[in-house]
Amino acid sequence: ASRSLSTFHDHILTSRRTLALLGAGLSAPSGIPTFRGAGGVWRTHDVLQLATPAGFAADPALVWAFELERRSLVRAARPNAAHVALAKLAEKNNHFLALTMNVDDLSERAGHAEDHLFRLHGSIFSTKCTVCDAHVAEDCADGGVRKLFEHDLSKPLTLADVPRCLEPDCDGLLRPGVVWFSESLPQPMMKEIFEWINDPNDSAIDTMLVIGTSALVYPATAYIEAARRKGARVAVVNVEKEDPSLLGLEEQDWYFEGDAAELVPRMLEAVVGGDG
Ligand code: NAD
Ligand code: APR
């Protein structure tokens with residue numbers, strides 16, 4: 001794989017359709033820890049307790065404490081130059097779609113148009129009922145304070161503090177509205193993405209941006225392979241020395257080692273201009 005920005009610029013200027021897969025590394029420069037890289041959450045926290053339905057059933061209070069901790073991190077975080085550059089690309093290129101695995105709202109807060117962004121794992125600010133599946137609080141992209149469930153994190157959070165469903169005659173425990181391990185992605189969204197990727201009335205995807213992800217988690221990572229099958233050239237941005245994914249890059253692909261907040265604006269300046 002090439003590490004040349006100039007050949008990437010030549011390519012992106014002629015790109016007709018670009019797909020992007022965004023991972024935790026995109027928000028790491030904004031102060032939100034990743035999951036698997038250095039300092040990753042799953043190195044200090046038990047993913048089975050915190051990010052699976054069984055973990056929630058066993059200890060809902062523990063999961064909510066973890067989730068509220070990450071909500072406050074997201075609120076304190078600011079979008080970085082990579083979020084902004086991707087939002088500008090969405091403005092400039094109508095045939096650009098970003099799939100984010102992140103549950104933060106930094107892309108929206110950077111001005112990334114909703115119709116150019118699918119959030120594969122949901123939003124950390126959405127909450128749903130474990131019994132009737134009602135969504136009791138939609139995530140709002142204004143970065144404002146969420147009303148539904150606040151708790152002073154300096155005090156222990158017990159089962160009695162866990163919010164319950166507000167729907168009449170449902171008293172189910174409420175859970176974070178994110179996609180957990182062993183859960184599938186929402187079918188309607190997967191169908192829409194599949195149709196976008198295979199749109200017969202549009203040119204094939206020619207560029208696949210893979211930004212700040214270990215690309216080990218499925219089904220999200222399968223979208224990279226789908227774009228490659230369409231002939232897309234892949235451009236990976238990651239702090240690791242070599243591509244950490246198992247995909248293996250080819251001759252015509254790119255690997256850019258470094259911080260997404262620094263590299264993504266430089267990669268896209270050819271299209272969105274240099275003000276990063
Ligand atoms: P999983 O391991 O249960 O696998 C998901 C699906 O992908 C399964 O159908 C599996 O068969 C398939 N799959 C797994 N490895 C594959 C491979 N090498 N090739 C082809 N298919 C493969 O799912 P998961 O990775 O445990 O997580 C499920 C979803 O939950 C993922 O999207 C994950 O990112 C998400 N998640 C979200 C959070 C959060 O806080 N938002 C936390 C944890 C997990
Ligand atoms: N710039 C670019 N890449 C970075 C940066 C940075 N500043 N910081 C870290 N990275 C890279 C790491 O090297 C790592 O390869 O970002 C990647 C983050 O990978 P993960 O922590 O595995 O995050 P992600 O790939 O998004 O995880 C997928 O798994 O736990 C679930 O649902 C959760 O959405 C998450 C999914």
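Note that this is a predicted model, so its numbers are computed, not measured. Sequence positions, counted from 1, serve as the residue numbers for this chain. Both ligands and their constituent atoms are indexed starting at 1 by order of listing.
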Under 4.0 Å from a heavy atom of [X]: which atoms of ligand 2 are those, numbered in the order shown and with their elements?
| X | result |
| --- | --- |
| Gly23 | 26 (O) |
| Gly212 | 3 (N), 16 (O), 17 (C), 18 (C) |
| Trp42 | 30 (O) |
| Glu240 | 13 (O) |
| Pro244 | 15 (O) |
| Pro29 | 7 (N) |
| Ala24 | 23 (O), 24 (P), 26 (O) |
| Asp259 | 1 (N), 6 (C), 7 (N) |

Same cluster or not: Leu26 versus Val271, using hydrophobic residues (I, L, V, M, F, W, Y) connected whenever any side-chain heavy atoms lie under 4.5 Å apart?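 Yes: a chain of side-chain contacts under 4.5 Å links Leu26 to Val271.
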Heavy-atom count check: over 12 atoms from other residues, nucleotides or ligands less than 6.0 Å from Glu251 CD?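 It does not: Glu251 CD has 12 such atoms or fewer within range.
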When you look at CZ of Arg3, are more than 12 heavy atoms from neighbouring residues, nucleotides or ligands closer to it than 6.0 Å?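 Yes, the 6.0 Å shell around CZ holds more than 12 heavy atoms from other groups.
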Test of understanding: given a 4.0 Å heavy-atom threshold, classify the contact between [X] and ligand 2 as side chain, backbone, both, or neither.
| X | answer |
| --- | --- |
| Val217 | side chain |
| Ala28 | side chain |
| His121 | side chain |

Parallel, tilted or perpendicular, judged at 30° and 60°: which one describes the rings of Phe8 and Trp254? perpendicular
Kindly assign one of parallel, tilted or perpendicular to the pair Trp42 and Phe181, based on the angle between their ring planes and the thresholds 30° and 60°.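 Aromatic pair Trp42/Phe181 classed perpendicular.
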Ligand 2 N/O within reach of Ser214 N/O, cut-off under 3.5 Å: yes
Indicate whether the side chain of His83 and that of Ser27 have a donor and an acceptor atom separated by less than 3.5 Å. yes
Taking a cutoff of less than 4.0 Å between a non-hydrogen atom of the residue and any ligand atom, is Trp180 in contact with ligand 2?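 In this structure, Trp180 fails to qualify as a contact of ligand 2 - no heavy atom is under 4.0 Å.
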Tell me whether ligand 2 is touched by Gly258 - counting only heavy atoms on the residue side and a distance under 4.0 Å. yes
If we only count heavy atoms from C-beta on, is the Leu120 to Pro219 side-chain gap below 4.5 Å? no
Heavy-atom check, side chain of Met267 versus side chain of Ile12, under 4.5 Å: no
Nearest-option assignment for atom 14 (C) of ligand 2, heavy atoms, candidates Asp243, Leu22, Asn238: Asn238
Relative to atom 6 (C) of ligand 2, which among Ala220, Gly25, Ala215 owns the nearest non-hydrogen atom? Gly25
Flag the pair Arg228 and Asp253 as a salt bridge only when some basic side-chain nitrogen lies within less than 4.0 angstrom of an acidic carboxylate oxygen. yes
